[in-house]
Structures are given as structure tokens and as C-alpha cells.
Protein chains: 2
Amino acid sequence: MSQQARRSPRRTEALSRERIVEAAVGMLDAAGEGGLTFRALTERLATGPGAIYWHVANKGELLAAATDAVVAAALAAEPEGASPRDRIRALALGLFDAVDAHNWVAAQLSASSWQVTTPRIFEGVGRHVSAMGVPREQWFTVTSVVVQYILGAAAQNAANAQVLGPGADRGEFLAKVSTAWEELDPDDYSFTRTVAQQMREHDDRQQFLDGIDLVLAGITAVHPPAG
Amino acid sequence: MSQQARRSPRRTEALSRERIVEAAVGMLDAAGEGGLTFRALTERLATGPGAIYWHVANKGELLAAATDAVVAAALAAEPEGASPRDRIRALALGLFDAVDAHNWVAAQLSASSWQVTTPRIFEGVGRHVSAMGVPREQWFTVTSVVVQYILGAAAQNAANAQVLGPGADRGEFLAKVSTAWEELDPDDYSFTRTVAQQMREHDDRQQFLDGIDLVLAGITAVHPPAG
DNA sequence: ACCTGAACACCGTTCAAGT
DNA sequence: ACCTGAACACCGTTCAAGT
């Protein structure tokens with residue numbers, strides 16, 4: 001145990017891929033996708049760009065690693081629930097909240113698909129799908145549908161949050177969109193005008209859960225449990 | 001009728017927002033999102049950047065306009081089908097194919113949400129949802145779920161196509177991913193390994209349709225038609 | 001009203017040089 | 001093996017000037 005082993009907490013830590021990814025997540029959270037710059041990252045880590053490129057191949061890889069870190073954390077806890085349905089619901093909601101908290105993640109996820117991160121989600125959902133009694137030869141298809149819905153809904157929710165900006169008032173935003181819908185051309189948008197009020201009053205999280213339930217009900221309807 | 005009224009087809013046409021958007025779509029199709037540059041656009045239209053900025057506020061607006069143009073074209077034809085379900089299926093498949101043909105569109109769509117383009121899709125789907133006999137107070141929720149699924153599935157499909165690149169062989173790609181899945185850690189990815197073979201043999205378009213059917217079955221299960 | 005094109009600020013990435 | 005920092009090529013956007 002030399003003196004060097006005692007490191008005072010404020011001292012500059014050695015650079016590492018882990019620290020870089022962590023810093024990247026922080027900057028993305030704080031300022032969105034436009035906020036992650038090698039210049040800014042360089043300053044925050046008190047190095048030159050070359051140091052970062054030693055640990056990370058390029059910006060794309062860094063974004064992928066940041067995304068994977070967030071998703072892995074969201075999936076870390078075993079989802080609780082009495083039934084497979086409840087566990088899918090819990091897993092889905094955990095992802096939804098993670099994407100909501102880090103709303104740059106959604107765009108990354110829908111742009112990477114069969115890459116590193118999606119298999120994590122696929123595996124988590126798939127285990128419960130198989131436990132629901134879906135016939136074996138439908139496992140891939142059904143799991144894909146659930147994952148597609150989760151990512152699609154999360155992405156659109158995040159997109160709304162991004163338009164909104166960090167400080168804005170949600171109720172105000174919904175009211176504004178709702179009013180805009182009411183003013184659409186009645187010839188082209190008769191349906192949308194009809195639901196403008198429902199749109200104003202809806203709750204994103206609840207709506208997402210309703211969607212999950214609807215998809216799960218579809219699974220049961222198309223593949224009734226044996227018996 | 002002056003001489004000027006006769007314009008030979010090959011002569012340089014006046015610049016217009018329409019021509020700019022059209023050129024942008026062409027460049028995005030040819031070279032993906034990275035291929036749309038004001039420099040390249042400037043060259044293609046034989047002008048300076050200032051000319052383009054006269055008609056279009058910035059790159060974001062140009063991308064949104066290009067996206068809207070593609071989606072509007074895909075939705076132009078009244079979807080055919082005997083039942084509301086069939087018409088939803090037709091509409092969804094039209095969108096799926098459009099996103100597949102212009103695979104930069106998906107990322108744009110999931111990043112714009114309640115903006116200009118999504119209401120078009122929402123309206124198209126919603127009309128048929130209401131015709132399915134879903135109770136009025138559920139129209140917004142149910143339509144949202146269908147739209148979220150369509151956009152989510154289309155986005156992930158486009159992401160796969162992008163990784164693949166324009167010239168690549170699809171079967172080869174699926175085989176590679178399938179093999180990668182088979183080599184995953186059995187402790188962490190038992191389910192994914194099990195469906196690796198199904199993944200290799202699946203058809204994207206058919207899988208999408210199965211997903212739509214599953215969602216539609218869910219709607220009927222949760223909201224049985226009155227009677 | 002519409003277009004030109006030089007210029008500005010900023011970006012991701014590279015690389016010779018250091019330790 | 002790991003880090004430094006100047007330099008390169010390229011980007012979106014602006015704007016004074018033209019017609």
C-alpha cells in the first residue's frame with residue numbers, strides 16, 4: 001500500500017472509456033444531442049481530443065455506448081410482477097421512464113436496431129412472452145412486435161418532450177397542440193379535430209400502459225393459452 | 001404570349017421551395033442523411049447557399065419538408081379494403097413501404113411527433129379506428145397505439161436497412177445476425193439464442209403485417225364491437 | 001423580390017510528437 | 001501504452017452586395 005493508493009476524491013482520475021461514457025451521458029442529459037461535442041467533452045475531461053480517440057473509435061460509438069449504459073441500467077433490476085404480463089408491463093414501464101429521463105436515447109435506439117442494445121431488450125421481453133404460453137414458433141414474431149411497440153411509443157414520447165424543452169409546462173403544451181388540432185381543416189382532419197379534447201387530457205405514461213395492455217390482449221387473442 | 005413563356009425543358013428552372021425539397025429528397029435517397037449538405041444542394045441546384053436560405057429557414061425545416069413530402073405521397077391514395085381493418089392494413093403497409101424506400105424518413109418521423117407530418121398519419125388511421133366500433137372516448141388512445149406501432153416498426157426496419165447499406169445481400173445479413181445471436185452468452189441470452197433460427201428465416205414485411213394484425217386483434221379484444 | 005458568393009464560427013477527426 | 005494539441009477538411013449559416 002503505497003501513498004499513491006490513497007487518492008483524494010477531487011484529484012484528476014485517469015481517463016478511461018467508462019469515465020468518457022459517463023461524461024457523455026451527463027452532457028447529453030444536460031444539453032441534448034447537440035450538447036455532446038468533442039470540444040466540450042475535451043474540456044470537461046481536461047484533455048485533448050486525441051486522448052478521447054484513444055479510448056473510443058468515433059462519435060457514433062460513443063453515442064452507442066452511452067445509449068447502452070442507460071438501457072442496461074434500466075434493465076438491471078429483475079422486473080417484479082405476479083404474472084408474465086405484469087413483468088412485461090414493469091419492464092416496459094422501466095424503459096419508458098428511462099427514455100423519458102434521457103430523451104436523447106430514443107433516437108439512438110431506433111437507429112441501431114439489431115445492434116448491441118436491442119438484444120438486451122429483446123431478451124428481457126422474450127422471456128416473458130415465452131412464459132405467456134405463446135407457441136414456440138411464434139416467439140420471434142410476437143416478441144418483435146412488443147419490442148417495436150415499446151421503442152416506437154418511447155421514441156414518440158421523447159420527441160414530444162424534446163419539442164417541449166426542459167423548462168416548459170406540459171399542460172400548456174398539450175393545450176397548445178389541442179387548440180392547433182381544433183383549428184385544422186375540417187375537410188382533411190375531421191377525426192383529429194374530434195379527439196383534440198382527449199389529446200389535451202391524456203397522460204403519456206397511462207397511455208403507454210394502455211398500449212402495452214392492448215398489445216398483450218392481442219397476443220392472447222391471436223395465441224390463446226393452451227387448454 | 002411572349003417568347004419567354006416557351007421554356008425549353010432543359011433550361012434552368014427558377015428556384016422554388018418545391019424544387020429545393022424535391023432535390024433534397026433525391027439526395028437523401030441517394031446518399032442517406034449524411035448526403036444532404038447545403039454545399040452539395042447548392043451545387044446540384046447551381047446556386048449559392050443564400051438562394052436556398054431565401055426559400056427555407058434552415059436544415060431542420062428542409063428535412064421536415066422532405067419527410068412530409070414522402071409521407072403525403074404515401075398517404076395520397078385512399079386505402080382500399082372491404083373492412084376498416086383491411087384499410088388500416090393497407091395504409092400501414094403503404095407507409096411501411098415508403099419508409100423502406102426512403103429509409104432516412106423513419107428517424108425524421110420519430111423525431112417530429114405532434115408536428116406537421118404525424119397528424120396526417122393519425123388522421124388516416126383514426127378514421128378507420130372509429131369505423132371499427134371502438135368507443136368514442138377511446139379513439140385517441142387506440143389510434144395513438146396503432147400509430148406508435150406503425151412508426152416504431154417502420155423505424156426499426158429502416159435502421160436495419162441502413163446498417164445493411166444499399167448494395168448488400170439481405171439473406172447474408174440475416175444469416176450473420178442469426179449466427180451472432182447463437183454465439184451470445186447462454187446465461188444472459190437464453191431466449192434470444194432460442195429464436196436465432198426464426199430470426200434468420202423471417203420476412204420483414206410479413207412480420208410487420210402480423211404485428212398490425214396482433215394490434216388489431218388487441219383492439220377487438222379490449223373493445224369488443226357493440227352487440 | 002430574389003440571388004450571389006465570400007466569410008464566420010464550429011464541428012469530427014487525424015497525427016506527429018511527447019512521456 | 002497513453003496523452004497532447006495543432007492542424008485539416010468540412011459543415012450550417014450569415015450578410016453585404018448585386019440585379
Side-chain angles (χ1 to χ4, degrees), chain A residues 2 4-5 7 10-67 104 107-108 111-112 162-163, chain B residues 2-5 7 10-67 104 107-108 111-112 115 162-163:
Chain A
S2 70
Q4 280 161 308
R7 40 162 130 103
R10 287 279 165 261
R11 261 195 97 257
T12 325
E13 216 107 352
L15 206 52
S16 67
R17 193 185 154 92
E18 203 177 49
R19 268 193 70 219
I20 294 171
V21 171
E22 195 183 347
V25 170
M27 301 181 59
L28 288 161
D29 286 347
E33 189 144 359
L36 180 61
T37 306
F38 273 82
R39 299 250 191 300
L41 195 57
T42 267
E43 196 176 352
R44 174 150 170 171
L45 295 169
T47 34
I52 295 169
Y53 276 95
W54 178 261
H55 296 276
V56 151
N58 51 44
K59 193 177 181 177
E61 191 189 297
L62 181 54
L63 271 166
T67 303
W104 48 274
Q108 234 44 46
S112 70
Q162 258 164 8
V163 178
Chain B
S2 71
Q3 290 281 70
Q4 282 161 306
R7 40 164 132 103
R10 285 280 166 258
R11 262 197 93 258
T12 327
E13 216 107 353
L15 205 52
S16 67
R17 193 185 153 92
E18 203 177 49
R19 268 193 70 220
I20 294 172
V21 171
E22 196 182 347
V25 170
M27 301 181 59
L28 287 161
D29 286 347
E33 187 145 358
L36 179 62
T37 303
F38 274 83
R39 298 250 191 302
L41 194 57
T42 268
E43 196 175 351
R44 175 151 170 170
L45 295 170
T47 34
I52 295 168
Y53 276 96
W54 179 260
H55 296 277
V56 151
N58 52 43
K59 193 176 183 181
E61 191 188 296
L62 181 54
L63 271 165
T67 303
W104 47 274
Q108 235 43 48
S112 69
Q115 312 279 92
Q162 259 165 5
V163 178

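Note: hydrogens, waters and symmetry copies are ignored here, and every other heavy atom, side chains too, is used. The chains referred to below are lettered A, B, ... by the order of the sequence lines, with proteins before strands, and numbering in each begins at 1.
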Inset, instruction - Search all heavy atoms of A:Asn58 against all heavy atoms of A:Phe38 and return the closest pair with its distance. - result: C-CZ, 4.3 Å
Inset, instruction - Taking all heavy atoms of A:Met27 and all of A:Arg44, pick out the closest pair and write down the distance. - result: CG-NH1, 3.5 Å
Atom-pair distance ([atom1] on [X]; [atom2] on [N]), nearest Å:
X	N	atom1	atom2	answer
A:Glu33	C:dC10	CD	P	20 Å
A:Arg19	D:dC3	CZ	P	10 Å
B:Phe38	D:dT13	CZ	P	5 Å
A:Ile52	C:dC11	CD1	C1'	14 Å
A:Leu36	C:dG12	CG	C1'	11 Å
B:Glu43	D:dG12	CD	P	14 Å
B:Glu61	D:dT13	CD	C1'	14 Å
B:Leu15	C:dC3	CG	P	5 Å

When you check the phosphate oxygens OP1 and OP2 of [N], does a side-chain N or O of [X] lie under 4.0 Å from one of them?
X	N	answer
A:Thr47	D:dC3	no
A:Trp54	D:dC3	no
A:His55	D:dC3	yes

Legend entry - Heavy-atom donor-acceptor pair, A:Lys59 side chain to A:Leu36 backbone, under 3.5 Å: yes
Legend entry - Check: A:Arg19 main-chain N/O paired with A:Ser16 side-chain donor or acceptor under 3.5 Å: yes
Legend entry - Nearest-nucleotide 5' precedence on DNA chain D, A:Ala51 against B:Gly60: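 It is A:Ala51 whose nearest nucleotide is closer to the 5' end.
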Legend entry - Per B:Lys59 side chain, nearest of listed nucleotides C:dG12, D:dT13, D:dA6: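 Shortest atom-to-atom distance from the side chain points to D:dT13.
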Inset, instruction - Provide the Watson-Crick or G-U wobble partner of C:dA9, both distances under 3.5 Å; none if there is no partner. - result: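 Here C:dA9 is not engaged in any pair, so there is no nucleotide opposite it.
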Legend entry - For C:dA16, the Watson-Crick or wobble counterpart (both distances under 3.5 Å):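 By the stated definition (distances under 3.5 Å), D:dT4 pairs with C:dA16.
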Inset, instruction - Would you check if A:Trp104 and A:Val25 make a side-chain contact, meaning some heavy-atom pair closer than 4.5 Å? - result: yes
